[in-house]
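Counting starts at 1 for both ligands and their atoms, in listed order.
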Amino acid sequence: MTNFHLRYGTEVAEALRQHRPVVALESTIVSHGLPRPDNLTVARQIEQAVRDAGAVPATIGMVAGELVVGLDDAELTRLATADGVTKLSVRDLAVAAATGADGATTVAATSALAAAAGIRVFATGGLGGVHREAAQTFDESADLVALASTPIAVVCAGVKSILDVGATLERLETLGVTVVGYRTRRFPGFFITDSGFDLDWSADSPELIADILAAREQHGVQHGGLVVAHPLPTDEQLDPQLHDRTLAEGLARLERDGISGKAVTPYLLAHFHSATQGASLAVNVRIILRNADLAARIAVAAARRADPAA
Ligand code: PSU
Ligand code: MN
């Protein structure tokens, strides 16, 4: 992965050179996870949330075949609004680069590229994982495999609730991915505060998460990812009954419309956003903004830990 040629945004390059806090952000959430035209506004708000907490945002994506770490506003606008922006997982990067494509990077691809760029903290909404019909379809997100071998902390509200959460947690354990709840011992359920599954570990401050990152380096146990699971407060979650109804309907439609492969997640998210008349969209945006804020505070704590004078 370090062999990929990366182009850096000016501000991100400068921040990395000076060891200032940087937070990686993905572009698939913008191009495929959120409806237009809100997606561009939200993409800018996510970057602003990182800045407000004292870090530099590095939104990652591909523009005309070039891998960019720290898209500028014109590039962000292009990935949010252009036709034919491809959803890129790790396996797609080389083909997309060779063909000069515009592409949005998933959690898997963004993690790999961020780590290659020397960025240690990444914020997203919800991780990909094991799909509910995986026993038949074998549909499991490449996010899991990427996190097994990529040294990065990913702040997320758990895995998307459209997935089989229990199976995903089992796979994270098998793959050696550390999972820590932020101020909770319950794994969050993305749109829902609590997925119903317990966690072994909890951390209650950005400083403690920075300590965990440092301990991983000191002890040479940082080959894989660290999932920082950050739940929404219960008064901000999607109504659980509305959630379950909408999900059942979405899953039935998947079958009816013959949706499979990488189209499944964007299809289900779009179904939620239209069927709940935007309620799930508002929740999704809150999730991302809160995660961007926490990720920035972790990056700030990690930078201070490395250089208390900074
Ligand atoms: N989180 C969100 N919305 C999204 C995603 C995450 O709130 O759209 C994206 C991420 O890019 C993640 C992808 O990697 O969904 C998972 O897709 P799949 O299940 O096809 O691996
Ligand atoms: Mn899949």
Side-chain angles (χ1 to χ4, degrees), residues 24-36 38-39 42-43 45-46 49 59-62 79-80 85-93 103-114 122-148 150 152 154-165 167-168 171-172 177 188-192 225 227-232 237-238 243 250-251 254 259-273 280-292 295:
L25 300 168
E26 57 148 318
S27 40
T28 293
I29 206 171
V30 174
S31 64
H32 294 77
L34 299 168
R36 300 174 181 197
D38 308 67
N39 62 341
V42 176
Q45 287 171 344
I46 302 169
T59 306
I60 295 178
M62 181 177 280
L79 294 190
V85 175
T86 309
K87 176 177 167 184
L88 302 177
S89 191
V90 177
R91 68 171 187 165
D92 306 306
L93 293 175
T105 49
T106 63
V107 168
T110 306
S111 299
L113 296 168
F122 167 25
T124 184
L127 293 182
V130 180
H131 283 263
R132 289 176 187 239
E133 306 297 324
Q136 284 83 44
T137 62
F138 280 67
D139 190 354
E140 174 182 315
S141 175
D143 291 358
L144 298 183
V145 181
L147 288 179
T150 309
I152 192 145
V154 186
V155 181
C156 59
V159 302
K160 281 185 282 283
S161 51
I162 56 176
L163 302 168
D164 183 334
V165 177
T168 305
R171 290 290 289 144
L172 287 169
V177 179
F190 189 58
F191 288 140
I192 304 297
V227 171
V228 178
H230 185 212
L232 271 183
Q237 70 178 344
L238 192 62
H243 174 272
L251 293 171
L254 271 185
I259 307 292
S260 64
K262 68 183 192 179
V264 169
T265 298
Y267 181 95
L268 284 175
L269 289 174
H271 168 70
F272 260 93
H273 298 335
S280 72
L281 176 60
V283 172
N284 203 344
V285 171
R286 280 293 296 155
I287 289 171
I288 309 166
L289 294 179
R290 285 169 44 86
N291 291 347

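With hydrogens and angles ignored, the 3.5 Å screen pairs no side-chain donor or acceptor of D139 with any backbone N or O of A134. When atom types are taken as modelled, the side chain of T28 and the backbone of T105 share a donor-acceptor pair closer than 3.5 angstrom. The backbone N or O of G129 sits nowhere less than 3.5 Å from a side-chain atom of T168 that would complete a donor-acceptor pair. In this structure a side-chain-to-backbone donor-acceptor pair under 3.5 Å is present from R290 to P231.
Nearest to atom 11 (O) of ligand 1 among the protein's heavy atoms is E26 OE1, 2.5 Å. Nearest protein neighbour of atom 15 (O) of ligand 1, counting heavy atoms only, is K160 NZ, 3.0 Å. The protein non-hydrogen atom at the shortest distance from atom 7 (O) of ligand 1 is N284 OD1, 3.1 Å. If you check which protein heavy atom lies closest to atom 21 (O) of ligand 1, you get S141 OG, 2.6 Å. For atom 3 (N) of ligand 1, the closest non-hydrogen atom on the protein side is I29 CG1, 3.3 Å.
Contacts with ligand 1 closer than 4.0 Å are made by no heavy atom of L127, backbone or side chain. Looking at D143 against ligand 1, only its side chain comes within 4.0 Å, counting heavy atoms.
Each of the atoms 19 (O) of ligand 1 lies under 4.0 Å from some heavy atom of H131. Close contacts of ligand 1 with T265, meaning ligand atoms under 4.0 Å from a residue heavy atom, involve 15 (O), 17 (O), 18 (P), 19 (O), 20 (O). Near L269, the atoms of ligand 1 lying under 4.0 angstrom from a non-hydrogen atom of the residue are 3 (N), 4 (C), 8 (O). When each atom of ligand 1 is checked for a heavy atom of F190 under 4.0 Å away, the hits are 7 (O). Close approach of ligand 1 to K87 is summarised as follows: ligand atoms under 4.0 Å from at least one heavy atom of the residue are 17 (O), 18 (P), 20 (O).
Ligand 1 lies nowhere less than 4.0 angstrom from a heavy atom belonging to H32.
Residue-to-ligand polar distances keep T106 apart from ligand 1: every N/O pair is separated by 3.5 Å or more. Residue A142 has no N or O atom closer than 3.5 Å to an N or O atom of ligand 1. Residue K262 places no N or O, backbone or side chain, under 3.5 Å from any N or O of ligand 1. Between T105 and ligand 1, no pair of N/O atoms sits closer than 3.5 Å. Of the N or O atoms in G128, none lie within a sub-3.5 Å distance of an N or O in ligand 1.
For the pair F190 and V159, the minimum side-chain heavy-atom distance is 4.5 Å or more. A 4.5 Å side-chain heavy-atom check between S27 and I60 finds every atom pair outside the cut-off.
Side-chain atoms of H131 and T137 include no donor-acceptor pair closer than 3.5 Å. Side chains of E26 and T124: a donor-acceptor N/O pair is present below 3.5 angstrom, by distance only.
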Exercise for review: Apply the test side-chain contact (heavy atoms from CB on, under 4.5 Å) to residues V227 and C156: give CA-CA distance (whole Å), side-chain angles for both, the deciding distance (0.1 Å), then the verdict.
Suggested key: CA-CA 7 Å; V227 171; C156 59; 3.7 Å; yes
Practice item. Could you please spell out the steps behind the side-chain contact (heavy atoms from CB on, under 4.5 Å) verdict for F122 and T150? Key: CA-CA 12 Å; F122 167 25; T150 309; over 6 Å; no
Exercise for review: Determine, stepwise, if the pair I288 / L34 fulfils side-chain contact (heavy atoms from CB on, under 4.5 Å).
Suggested key: CA-CA 11 Å; I288 309 166; L34 299 168; 4.3 Å; yes
Practice item. Could you go through the side-chain contact (heavy atoms from CB on, under 4.5 Å) check for T86 and D92 one step at a time? Key: CA-CA 9 Å; T86 309; D92 306 306; 6.0 Å; no
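Inclusion of D139 in the first shell of the Mn ion (ligand 2) is supported: an N, O or S atom falls under 2.8 Å.
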